[in-house]
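Count residues from 1 along the sequence. The structure displayed is predicted, hence computed values, not measured ones.
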Amino acid sequence: MGQGLSCAASHEHGGLFSAVQAGDFDTVKAMLLANPSLLHETTAYDRQSALHIAAANGRIEILSVLLERSVDPDVVNRHKQTPLMLAAMHGKISCLKKLIEAGANILKFDSLNERTCLHYAAYYGHSDCLQAVLSAAQSSPVAVSWGYARFVNIRDGRGAAPLHLAARQRRPECVRILLDNGALVCASTGGYGCPGSTPLHLAARGGSLDCIRELLAWGADRLQRDASGRIPYIVALKHKHGACAALLNPSSAEPLVWPSPLKFISELNQEAKDLLERALMDANREREKNILKGTAYSLPSPSHSDVGTEDNISEASDTELCCICFEQVCTIEVQECGHQMCAQCTLALCCHNKPNPTTACLNPPVCPFCRSSIVRLAVAKVKSCEDVDQDIADIGSPKMRKARKSRNFSSEGSSSFKGLSAMSPFGKMGGRGSGRIAAESEWVDKP
């Protein structure tokens, strides 16, 4: 990949490259003052410039000095790699950001595999660098000239998008970031891996349960075949990843899928989005436990929702219990009506029908309390201690509070509750149920 930065021949230039690699700022500055032409020298074989070596080694002070002296931020080495690519490869986030600020081109391709800095960040698993490049693409001419979605799904010389590389290299955090930014979950490769492989095929080959979880939660198709006719389940079996194969088995329960076609889901603020994403992953982990139960495989880490779910709900917070499941605290508010639910029940409401972009039905889910269409979700406001004390004085015991909520719920939206509870185990998603939501009519919201 061209990542070896040998400075063996650096004595030709008075030790400049060795000083850059070691981070000897004073020596580098003195040498450049004495001989400014050193700025344009490169190593003998790889043709690494001082800027390449500074970027790859995270020497931000030296890199800044070089850029101040008008060194081209897109200078290339023997493999047509730019300093930005090397910063992304080695995870040097401060150097990467500095290069972007200096105008480095994020659309440059190398000559090894025709990859960009986005491919490098995804391949080597540097999620902070990946996010920085994506943020730069949103606010640069790239988004205008190429289109942001096209950039996120940019292909290398073998037809691999950054998502394919992240899935194959077992980089779940990079997989999540790319999916969250519009990466195509079912895109097939060209010559990378087995031709026609999807990210799910490549995650199955690499044996990453975390990558498989993320891909399935974003709607990856377990039945999509590669050019050899294999589904991801067969790939996992071939490479002896038993737990991955169990989750990918087409006969096992389907996971919940993030309801990305809904417009209000794409407009969630980060806090509300985190709550719902956590609820979705918790529900799917419960599904995994049921699938792997009685097998030789176990999950690498327990779901955090299993720890202290009952103990975390105090008597004071009982005033805010979800009126659907009566188990979780209300964390999500439907706007503009103001009704509140827990994240688990909100997610079940949004996921109870499987999204299908080809359907003609555009009916979004409705609030189960007042039957108004949901157009926006926000994090529910948490009451202060004084408010809770006042509620306790006005309402009485926790049992009376629950009873009152139950009456209010049945009077405001009983038909909605009955319809939804018939479709899915509301209140059983978070820590106790299978997480399987039945699908009847299909819907998708306007983009």
Side-chain angles (χ1 to χ4, degrees), residues 256 259 262 264-265 268 271-276 278-280 282-283 286 305 308-353 364-438:
L256 286 179
L262 287 172
F264 65 81
I265 291 294
L268 287 171
E271 189 179 359
K273 185 177 180 182
D274 289 343
L275 285 170
L276 291 176
R278 198 177 308 127
L280 182 142
D282 285 349
E286 285 302 314
S305 66
T309 51
E310 296 294 339
D311 296 337
N312 288 339
I313 302 177
S314 65
E315 182 174 315
S317 67
D318 190 37
T319 58
E320 299 302 319
L321 284 181
C322 175
C323 293
I324 298 175
C325 65
F326 293 111
E327 294 178 351
Q328 304 292 332
V329 175
C330 288
T331 53
I332 300 294
E333 181 176 299
V334 180
Q335 297 180 332
E336 305 291 330
C337 65
H339 292 117
Q340 297 182 357
M341 296 173 279
C342 66
Q344 289 81 356
C345 290
T346 306
L347 186 68
L349 183 70
C350 296
C351 292
H352 73 271
N353 290 324
V366 298
C367 173
F369 300 97
C370 63
R371 304 295 293 169
S372 62
S373 294
I374 297 176
V375 294
R376 191 163 67 227
L377 296 175
V379 176
K381 294 180 181 178
V382 179
K383 288 191 174 184
S384 64
C385 295
E386 291 78 6
D387 293 333
V388 172
D389 291 340
Q390 183 63 40
D391 286 346
I392 293 173
D394 292 342
I395 301 172
S397 68
K399 290 183 179 179
M400 288 299 292
R401 290 195 296 275
K402 279 190 180 181
R404 190 191 75 155
K405 285 192 172 190
S406 180
R407 288 195 298 272
N408 288 344
F409 182 82
S410 61
S411 63
E412 289 186 65
S414 58
S415 61
S416 174
F417 174 71
K418 289 176 182 177
L420 289 169
S421 60
M423 286 190 232
S424 64
F426 261 63
K428 299 297 181 183
M429 288 179 53
R432 300 176 180 81
S434 66
R436 179 79 184 268
I437 305 297

*Can you spot which of Ile374, Ile324, Val334 makes a side chain to side chain contact (heavy atoms under 4.5 Å, CB included) with Leu349?*
Ile374

*Taking all heavy atoms of Arg371 and all of Val366, pick out the closest pair and write down the distance.*
NH1-CG2, 3.5 Å

_Rounded distance [0.5 Å steps], CE in Met341 versus CG in Leu347_ = 10.5 Å

*Is there a side-chain contact between Pro365 and Phe264, using heavy atoms and a 4.5 Å cut-off?*
yes

*Pairs meeting criterion salt bridge (charged side-chain N to carboxylate O under 4.0 Å, His left out) with involvement of residues 329-347, two or more places apart*: Glu336-Arg376

*If you round to the nearest 0.5 Å, how far is NE2 of His339 from OG of Ser372?*
8.0 Å

_Spacing of Gln335 atom CD and Gln340 atom CD [to the nearest 0.5 Å]_ = 10.0 Å

*With Leu377 as reference, evaluate Ile332, Leu275, Leu262 under the side chain to side chain contact (heavy atoms under 4.5 Å, CB included) test and give the passing residue.*
Ile332

*Looking at side-chain heavy atoms only, is the closest gap between Cys322 and Gln344 below 4.5 Å?*
no

*Heavy-atom closest pair, residues Ala283 and Leu256*: CB-CD1, 3.6 Å

*Which value, rounded to the nearest 0.5 Å, describes the distance between Glu271 atom CD and Thr331 atom OG1?*
9.5 Å

